Structure formats: structure tokens, C-alpha cells
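The structure presented is a predicted model; accordingly, all values stated were derived computationally and were not measured.
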Amino acid sequence: MLLCYADESDEGGYFVFSGVVLRGKGVLRLTRDLDRIVADAARKLGVPRSAEIHAYDLFHMKNDWAAITPTDSIKIFRKVLDAVLSRSERVVLRGVSRESLRRRQARESYPEVYSAERVALTQLLQRVEHVARKRTTLVIADERHDSAEMRDLFSDFKLIGTPGAYMRTDLQRVIDTIHFAPSHRSRALQAADVFAFLYRRRLAGGETDPRADTAMRALWKRAETSQKLYGLGSWP
């Protein structure tokens, strides 16, 4: 069985869902890898031993990561990326442009208006189903205020299929329901957060700081050349 850890990033006009797909042993190994990265940062840089690998905080040196330098930030970010890419089966990434979605729904007079969150989750699940092939997959997502609605949506997909004709599926390989857990208790969810943040920044572009732009480009190239990314795209 596979496990898909899903998280989101929402800023700069784009909503992104990421899904880090792992085997059971891969979860254990990734957790150990990320724990070691945090332990090393705690020993050398004064980061709390319990620090959460939250991409925004790590990149901007805030909260648990306030004591590190920009150089430290990029080095740690790179180590986290490498750990996730080496342990995962695939990293599924889907983005939605809020403004483009609004314009399309208005132009084509959709009978039902879907949120960017719903569209991104739908497209993520469709692609997780493809990654699974003949293997069953359980989806575990970061806690959300609308967790109940997301579970209801998942149940609808299982009963009547995902909307539209393109990549329509009833998620036969994605089992049970969507399970929600706190990201600060799951290194695998933190891994998903890192990729959601990275891809959302990639889609939004327009980094105002040249150093941040250079760093983001290098990190994205590292991920893109890994051959682990799947389903890249932004809709509409």
C-alpha cells in the first residue's frame, strides 16, 4: 500500500495542493532523515529540537527558524528536498489560478461554481489514482477548517466519479476516506508543505528579492530534474 501526504499553499493568486507519495517504509525513512536534519540544526544553529519544518518559516527565517542565516536556510531547504525526493515514489503537484478560474467560470456560465481548493484537490486525487496503478493508496492531509466538507467531496467522487470527462475516475485505488492530521506531528506532512510552498512560489513568480529569486530557481531545478515530480500543471 502507498500513503499520500497532502498539503496546500495559498498566496500570490495561486492555490496549490501537493501530494508526497510514499511506501510505508519510505515514511519511516523520511521521518528519520528529517528528524536528523532538525537535530543537526538544533546542535549547530540553536534551532529548537522540536522545530517543525514549515516551508514559509524556514525560507523566511521565522519562528522556530528565526536564529538561522539566509545561507543556513537554503542549505537546510536543499537537504529537505533531497531527503523527500530520495524517499518518495512520486511528488504530485497541482495548482489553480484563482483569477483565471473566476474568469472561466463567469465566461462559460458554469452551473456550479467550484472553489480553487476543490478544483486543486480534485486534480490531485485524479493524479494520485494514476500514480497508484494497481496499488491501494491512503490519503493523509494537513488539518483544515473544512475537513468535513473535503471528506464529503471525496465520498461523492467514490460514488459518482470526479466531475467532467477529462481524467474522470471513481478513485478505486484511493481507499477509505481522507484522513486529517496536524502537520506539526508529521514529518511527511511537513514534506508535502515544502513542495506546496515551492511550487506555488514557482507559479506565482515575481520574487522581489534577487537573492530569493536565485535561491528559488535553484531549488526548483533540483526538484524538477529529479524525475520524481508528477502531474505538474496549473488550471485553467
Side-chain angles (χ1 to χ4, degrees), residues 5-22 26-27 29-95 142 183-234:
Y5 288 85
D7 204 356
E8 70 205 49
S9 185
D10 182 16
E11 195 177 341
Y14 285 88
F15 185 94
V16 166
F17 254 118
S18 71
V20 176
V21 181
L22 298 144
V27 177
R29 290 166 180 161
L30 177 60
T31 298
R32 285 197 295 264
D33 290 347
L34 298 185
D35 279 344
R36 289 191 191 105
I37 291 170
V38 173
D40 187 57
R43 187 172 59 255
K44 297 178 180 177
L45 304 171
V47 171
R49 182 63 182 82
S50 59
E52 177 180 355
I53 302 173
H54 187 268
Y56 182 90
D57 290 347
L58 175 57
F59 191 75
H60 293 285
M61 298 158 287
K62 295 182 179 293
N63 297 317
D64 287 343
W65 302 93
I68 67 175
T69 67
T71 300
D72 296 328
S73 169
I74 299 306
K75 285 182 178 178
I76 295 167
F77 216 111
R78 189 183 305 124
K79 288 179 182 178
V80 171
L81 281 187
D82 289 347
V84 180
L85 293 168
S86 68
R87 299 302 188 187
S88 62
E89 298 290 303
R90 288 288 188 272
V91 178
V92 184
L93 295 168
R94 294 301 299 175
D142 190 13
S183 62
H184 68 278
R185 298 298 186 191
S186 169
R187 291 297 189 200
L189 282 175
Q190 292 166 35
D193 172 74
V194 166
F195 274 87
F197 174 84
L198 181 64
Y199 191 46
R200 194 263 305 158
R201 297 280 288 239
R202 174 69 176 176
L203 291 176
E207 298 285 352
T208 56
D209 186 329
R211 294 170 300 177
D213 183 64
T214 299
M216 273 290 133
R217 287 178 182 275
L219 291 168
W220 177 252
K221 184 176 181 180
R222 203 175 191 89
E224 194 173 33
T225 57
S226 70
Q227 300 185 333
K228 287 292 184 75
L229 305 186
Y230 183 87
L232 290 177
S234 174

Using the side chain to side chain contact (heavy atoms under 4.5 Å, CB included) rule, take Val21 and Val92 through it: C-alpha gap first, then chi angles, then the decisive distance, then the call.
-> CA-CA 8 Å; Val21 181; Val92 184; 4.3 Å; yes
Would you please test Arg87 and Leu22 for side chain to side chain contact (heavy atoms under 4.5 Å, CB included) and show each step?
-> CA-CA 7 Å; Arg87 299 302 188 187; Leu22 298 144; 4.2 Å; yes
Should Asp82 and Arg222 be marked as a salt bridge (Lys or Arg N to Asp or Glu O under 4.0 Å) after you check the CA-CA gap, both sets of side-chain angles, and the distance that decides it?
-> CA-CA 8 Å; Asp82 289 347; Arg222 203 175 191 89; 2.8 Å; yes
Full working for side chain to side chain contact (heavy atoms under 4.5 Å, CB included) between Leu229 and Leu93 = CA-CA 7 Å; Leu229 305 186; Leu93 295 168; 4.2 Å; yes
Walk me through it: do Leu203 and Val16 pass the test side chain to side chain contact (heavy atoms under 4.5 Å, CB included)?
-> CA-CA 9 Å; Leu203 291 176; Val16 166; 3.8 Å; yes
Step by step, would you call Asp33 with Arg36 a salt bridge (Lys or Arg N to Asp or Glu O under 4.0 Å)?
-> CA-CA 5 Å; Asp33 290 347; Arg36 289 191 191 105; 3.3 Å; yes
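No side-chain donor from either of Arg187 and Thr31 sits under 3.5 Å from a side-chain acceptor of the other.
Shortest non-hydrogen contact noted between Ala196 and Ser9 is O-CB, 3.4 Å. The shortest heavy-atom contact between Ile74 and Ala215 is CD1-CB, 3.4 Å. Residues Gly12 and Ala204 come closest through the heavy atom pair O-CB, 3.9 Å. Taking every heavy atom of both residues into account, Leu232 and Trp220 meet most closely at CD2-CH2, 3.8 Å. When all heavy atoms are compared, the tightest approach of Asp193 to Ala55 is OD2-N, 2.7 Å. Closest non-hydrogen pair, Leu85 versus Ala223, comes out as CD1-CA, 3.9 Å.
Here the CD1 atom belonging to Ile76 is positioned 10.5 Å from the CE atom belonging to Met61, to the nearest 0.5 angstrom. Between the CD1 atom in Ile37 and the NZ atom in Lys79 there is a gap of 7.0 Å [rounded to 0.5 Å]. Residue Asp142 holds its CG atom at 8.5 Å from OG of Ser186, rounded to the nearest 0.5 Å. Atom OG of Ser226 and atom CZ of Arg90 lie 9.0 Å apart (nearest 0.5 Å).
The side-chain heavy atoms of Leu198 and Met216, taken from C-beta on, include a pair separated by under 4.5 Å. Within the 4.5 Å cutoff, side-chain heavy atoms of Leu34 are placed close to those of Val80. Contact annotation: the side chain of Leu58 approaches that of Ile68 to within less than 4.5 Å [non-hydrogen atoms, C-beta and beyond]. Residues Arg200 and Glu11 have side chains in contact (heavy-atom distance under 4.5 Å, counting atoms from C-beta outward).
Residues meeting the side-chain contact (heavy atoms from CB on, under 4.5 Å) test with Thr69, sequence neighbours left out: Thr71, Asp72. With sequence neighbours left out, Phe195 forms a ring pair (Phe, Tyr, Trp, His ring centres under 6.0 Å) with no residue at all. Taking the salt bridge (Lys or Arg N to Asp or Glu O under 4.0 Å) definition, one finds that Arg94 meets it with nothing, sequence neighbours left out. Here His60 pairs with Arg201 under the side-chain hydrogen bond (donor to acceptor under 3.5 Å, both in side chains) rule; sequence neighbours left out. Remark: Tyr14 pairs with no residue by the ring pair (Phe, Tyr, Trp, His ring centres under 6.0 Å) rule, at least two apart or across chains.
For Arg78, the CZ atom counts as densely surrounded, since its 6.0 Å shell holds more than 12 non-hydrogen atoms of other residues, nucleotides or ligands.
With hydrogens and angles disregarded, a donor-acceptor distance shorter than 3.5 Å links the side chain of Lys228 to the backbone of Ser88.
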Below 3.5 Å, can you tabulate the donor-acceptor pairs from side chains in residues 42-53 to any protein atom, sequence neighbours excluded?
residue : atom : partner : partner atom : Å
Arg43   : NH2  : Asp40   : OD1          : 2.7
Lys44   : NZ   : Asp40   : OD1          : 3.3
Glu52   : OE2  : Ser183  : OG           : 3.0

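Classification of Arg217 and Asp213 as a salt-bridged pair holds, one side-chain N sitting under 4.0 Å from a carboxylate O.
Taking the six-membered ring for Trp and the full ring otherwise, the centers of Phe197 and Tyr199 sit at least 6.0 Å from each other.
Between Phe77 and Phe59, the two ring planes are perpendicular [angle over 60°; tilted spans 30° to 60°].
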